[in-house]
Amino acid sequence: MFAGLLAGPAAHAAGHFDVDDASTLDPGQCQYETWWGRTGVEPVTGFHFGPACRVGPFELGLNLDRSSVGGVHSVTGGPQLKWNFYGQAADAPFSTAVSMGAVFDFKRGGRAGGQFVVPVTWRPLGSLQVHANVGADWATGTGVRTSRGGVGVEWALNDTVSLIVERNRASNVWTSRVGGRFSITPLISVDVSASRTGPQGVRGFVIGLNHEFSWK
């Protein structure tokens, strides 16, 4: 997942952050998340666009990513499904979901990759959320499976600004990320973060936009 390489209403994680939360969109709501990022000396740059809608009990989405390094480009994408099966209320102290998706390399073909994640969210305070993930990734082309997991802490300073800190492991590499979410309106927000990845501490930066809207 490119979000990991660059290491993906009430504030919550997700967006370009690596550690997902357990919430889903409300019934009748849609959103799109888009971000641009750069990491490394070469550097690796990437662009993501991901629309999603709530359909019945499920959040159905589509992820499209384009990455570039040294003049070589890759384009990947695929569907995603997320289901919150416990603690659906916005103020529930605990909530749990499952998220799964497929990834296809549109330029090189070959075996599809994918991801399966169980996000759990704990809300000890109205302004504080702790997110934990456990799951696995399957690499496109080879199908090699690697485990993933991480913990993120999100603190809402007020109605418009939240701070997010996380530590995540994906593709056998650890990433530390710190950033913030800034709400322009109740349904539009901007994310920014800086990250360090791997034993060499490769630095990265991402900026993203999130927009939620009603389709009914």
- [ ] Only counting residues at least two apart or in another chain, list the ones meeting side chain to side chain contact (heavy atoms under 4.5 Å, CB included) with R203.
- [x] R196
TODO: Kindly write out the residues that satisfy side chain to side chain contact (heavy atoms under 4.5 Å, CB included) with V75, not counting sequence neighbours, or none if the list is empty.
DONE: R66, F106, K107
Compare every heavy atom of [Y] with every heavy atom of [X], then report the nearest pair and how far apart it is.
X: G208; Y: W35; value: CA-CB, 3.6 Å
X: K82; Y: D21; value: NZ-O, 2.9 Å
X: M100; Y: F116; value: CE-CE1, 3.8 Å
X: F49; Y: T34; value: CD1-CB, 4.0 Å

- [ ] Dump the intermediate steps for side-chain contact (heavy atoms from CB on, under 4.5 Å) on F205 and R38, then the final yes or no.
- [x] CA-CA 6 Å; F205 174 81; R38 174 173 289 188; 5.7 Å; no
Between [X] and [Y], is there a shared hydrophobic cluster once you connect ILVMFWY residues whose side-chain heavy atoms come closer than 4.5 Å?
X: L163; Y: V165; result: no
X: L81; Y: V118; result: yes
X: V192; Y: I184; result: yes
X: V55; Y: L25; result: no

[atom2] on [Y] to [atom1] on [X], rounded to 0.5 Å:
X: L187; Y: F213; atom1: CG; atom2: CZ; answer: 10.5 Å
X: S171; Y: D137; atom1: OG; atom2: CG; answer: 5.5 Å
X: F47; Y: W36; atom1: CZ; atom2: CH2; answer: 11.5 Å
X: Q88; Y: D26; atom1: CD; atom2: CG; answer: 10.0 Å
X: T185; Y: E212; atom1: OG1; atom2: CD; answer: 9.5 Å
X: Q115; Y: T146; atom1: CD; atom2: OG1; answer: 9.5 Å

Open item on the list: Could you go through F104 and T140, starting from their C-alpha distance and side-chain angles, then the distance that decides it, and tell me whether this counts as side-chain contact (heavy atoms from CB on, under 4.5 Å)?
Closed with: CA-CA 7 Å; F104 301 91; T140 55; over 6 Å; no
Between [Y] and [X], is there a side-chain heavy-atom distance shorter than 4.5 Å?
X: R177; Y: V206; result: yes
X: N63; Y: H48; result: yes
X: H131; Y: Q129; result: yes
X: N133; Y: R148; result: no
X: V120; Y: V134; result: no
X: L157; Y: W155; result: yes
X: S95; Y: R123; result: yes
X: V151; Y: V19; result: no

Side chain to side chain donor-acceptor pair (under 3.5 Å) involving [X] - partner list, sequence neighbours excluded:
X: R167; value: S176
X: N84; value: none
X: Y86; value: none
X: S99; value: Q80

Open item on the list: For the CD atom on E42, are there more than 12 heavy atoms of other groups (residues, nucleotides or ligands in this structure) within a distance under 6.0 Å?
Closed with: no
Open item on the list: I'd like to know whether CH2 of W122 has more than 12 heavy-atom contacts from other residues, nucleotides or ligands below 6.0 angstrom.
Closed with: no
Open item on the list: When you compare the side chains of S189 and N210, does any donor N or O come within less than 3.5 Å of an acceptor on the partner?
Closed with: yes
Looking only at atom types and distance, does a side-chain atom of [X] sit under 3.5 Å from a main-chain N or O of [Y], one as donor and one as acceptor?
X: T121; Y: A22; result: yes
X: E59; Y: A52; result: no
X: R54; Y: G56; result: yes

- [ ] Evaluate the ring planes of H211 and Y32, with Trp represented by its six-membered ring, and classify them as parallel (under 30°), tilted (30 to 60°) or perpendicular (over 60°).
- [x] perpendicular
